[in-house]
Each structure stands twice: as C-alpha cells, then as structure tokens.
Amino acid sequence: MSLPHAILTALLEKPSSGLELTRRFDRSIGYFWSATHQQIYRELGKLEGEGYIRALPAERPARGQKKSYEVLPAGREELARWTSAPQEPRPWRDALFVRLRAAAVVGTTGLEEDLRRHLTLHERKLAEYGEIEKRDFGPGRDSAQDRLQHLILRAGIDLETFWTQWLRNALTEFERLPDGGTSDGGTSDDGASNGGLPDAGGGAAAERA
C-alpha cells in the first residue's frame with residue numbers, strides 16, 4: 001500500500017493538519033497501515049509539490065499556526081486511478097513461520113512461551129476490534145462509506161480470529177512434541193527437511209512457509 005494514497009484518502013474524508021492526520025492514523029488507518037509523524041509530514045510536502053493537495057488559508061493568520069490540507073482535483077484523480085488499478089496479492093511473509101521451521105532442527109526452547117505471548121496480544125486485538133464494531137457500526141450505519149469501512153474492520157476481526165485459533169492449535173501441538181521438539185527425519189534429497197511442503201519451486205505454499 002502507498003502512504004501517499006492513504007493520506008489522500010484521509011484528507012478526502014476530512015481536511016486535516018499533519019498533527020490531526022497523525023492522530024487519525026493512530027486511531028483508524030494505523031490498524032492496517034502505520035506511519036510516523038515525520039513520514040506523514042514528509043509526504044504532505046511531496047503531495048503539495050505535486051499539486052495533489054493544498055494548504056487551506058488560515059481563518060486567522062497567526063505565527064506557528066498548523067496548516068490544514070485539502071485534496072485538489074488532481075489528487076482525487078490520482079487516488080481514483082490507484083484505487084481502480086489491478087494489484088497482485090502479496091505473499092504472506094511472517095518470521096514466526098521461519099522460526100517454527102528452524103525449531104524443528106534446533107529445538108523449541110523459548111518458542112512455546114513466545115507463542116503464548118502472541119496469543120495474548122492477538123486476543124487483546126480481537127477484543128479491541130469487537131468493541132470498535134459495537135461502537136461504530138451499530139444499527140443505522142448503512143451508507144456506502146459505513147459498509148466499506150465495516151468491511152475493513154471485519155477483515156481485521158477475521159484475521160485476529162484466525163491467529164487466535166491457529167496459536168491455540170499450535171500450543172496444543174507443542175504439548176504433544178517429544179522432549180526438545182527436534183526432528184531427526186523427514187529430509188528431502190538435498191538433506192533439508194521440507195516439512196511436508198513442496199520444494200521452493202513448488203508454489204506459494206513453500207514461499208510462505
């Protein structure tokens with residue numbers, strides 16, 4: 001995803017200053033695309049230079065007053081172009097899966113404890129998303145914007161539901177592992193364990209594992 005396009009989206013929803021954008025990212029967009037205060041200000045300068053946004057005139061000019069920005073027609077056109085352009089799904093990459101594969105040959109010391117920590121964090125996030133859903137998407141919220149924003153939230157809920165269930169299953173498997181959790185078999189012709197997955201050239205499953 002593109003940070004400039006996330007900023008254009010936020011400014012079309014509501015003209016804002018850099019500080020206000022940072023707060024909005026923390027409260028909403030930041031759940032799926034994070035950005036620092038410095039990154040947002042840097043991108044605002046670039047977007048303004050490209051003619052996509054402009055600083056709104058201050059109602060009462062004052063020294064040190066924060067500039068608020070709005071999207072210009074060229075910025076809306078760029079966001080519409082980017083939104084409608086096809087994009088390929090991104091491969092799922094997570095270091096946790098590499099760690100699990102490594103644990104099969106070097107041992108699982110410390111990993112089970114970290115899986116329990118991950119489970120707690122995902123349970124908290126799932127509960128947080130549930131509270132947001134109750135607060136922001138109750139009866140009467142049926143506009144196109146509400147429906148699409150709810151769809152994004154549902155993706156987060158479904159993802160956290162997956163992680164909590166997967167981690168519980170993983171911890172159950174850890175309880176069944178022999179002492180040490182290492183494997184002495186299951187190697188492929190080149191001596192590397194394939195973990196039941198195709199070789200690296202065998203498709204997306206190997207790449208994601």
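Both backbone and side-chain heavy atoms feed into the values below; hydrogens, waters and symmetry mates do not.
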| Between D26 and R23, is a salt bridge (Lys or Arg N to Asp or Glu O under 4.0 Å) present by the stated rule, with each step listed? | CA-CA 5 Å; D26 289 341; R23 291 171 177 167; over 6 Å; no

Exam field: side chain [X] to backbone [Y], donor-acceptor pair closer than 3.5 Å:
| X | Y | value |
| --- | --- | --- |
| R54 | L72 | no |
| Y41 | T36 | no |
| R24 | K14 | yes |

Kindly give the heavy-atom pair with the smallest separation between [X] and [Y], and that separation in Å.
| X | Y | answer |
| --- | --- | --- |
| I40 | A35 | CG1-CB, 3.9 Å |
| I53 | L11 | CG2-CD1, 3.9 Å |
| A6 | F25 | CB-CZ, 4.0 Å |
| R76 | V71 | N-CG1, 3.5 Å |
| S68 | E20 | OG-OE1, 4.2 Å |
| S16 | L21 | CB-CG, 4.0 Å |

| query | Is it true that F162 and W92 have ring centroids separated by less than 6.0 Å? | reply |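 Yes, close enough.
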
| Side chains of E173 and N169: donor-acceptor distance under 3.5 Å anywhere? |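 No donor-acceptor contact under 3.5 Å links the two side chains.
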
| Should W166 and F174 be counted in the same cluster of Ile, Leu, Val, Met, Phe, Trp and Tyr side chains packed under 4.5 Å apart? |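 Yes, it is one cluster - the side chains of W166 and F174 are joined through contacts under 4.5 Å.
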
| Joint hydrophobic cluster, L111 plus L177, side-chain heavy atoms closer than 4.5 Å |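 In one cluster: yes.
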
| task | Indicate yes or no: does E113 engage R117 in a salt bridge with an N to O separation below 4.0 Å. | result |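 Answer for the salt bridge query: no.
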
| field | Presence of salt bridge, R81 and E78, under 4.0 angstrom | value |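 Looking at E78 and R81, the cut-off is met.
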
Measure the [atom1]-[atom2] distance between [X] and [Y] for me, rounded to the nearest 0.5 Å.
| X | Y | atom1 | atom2 | value |
| --- | --- | --- | --- | --- |
| R101 | L96 | CZ | CG | 14.0 Å |
| T83 | L79 | OG1 | CG | 4.0 Å |
| E77 | Y52 | CD | OH | 9.0 Å |
| E112 | D114 | CD | CG | 11.0 Å |

| request: List the steps, then state whether side chain to side chain contact (heavy atoms under 4.5 Å, CB included) holds for L167 with R116. | output: CA-CA 8 Å; L167 285 163; R116 295 189 186 281; over 6 Å; no

| request: I would like to know whether T164 and R168 meet side chain to side chain contact (heavy atoms under 4.5 Å, CB included); could you show each step before the answer? | output: CA-CA 6 Å; T164 53; R168 291 187 186 112; 3.9 Å; yes

| task | Please assess T161 against I157 for the test side chain to side chain contact (heavy atoms under 4.5 Å, CB included), listing each intermediate value before the final yes or no. | result | CA-CA 6 Å; T161 299; I157 291 172; 4.1 Å; yes

| Hey, which of R124, K125, E123 is the one that makes side chain to side chain contact (heavy atoms under 4.5 Å, CB included) with L121? |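 Exactly one option meets the side chain to side chain contact (heavy atoms under 4.5 Å, CB included) with L121, and it is R124.
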
| task | Check step by step if side chain to side chain contact (heavy atoms under 4.5 Å, CB included) holds for W82 and Q87. | result | CA-CA 9 Å; W82 179 79; Q87 295 185 2; 3.2 Å; yes

| query | When the ring planes of W163 and H122 are compared, do they come out parallel, tilted or perpendicular, using 30° and 60° as the limits? | reply |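 Judged by the thresholds at 30° and 60°, the geometry between W163 and H122 is parallel.
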
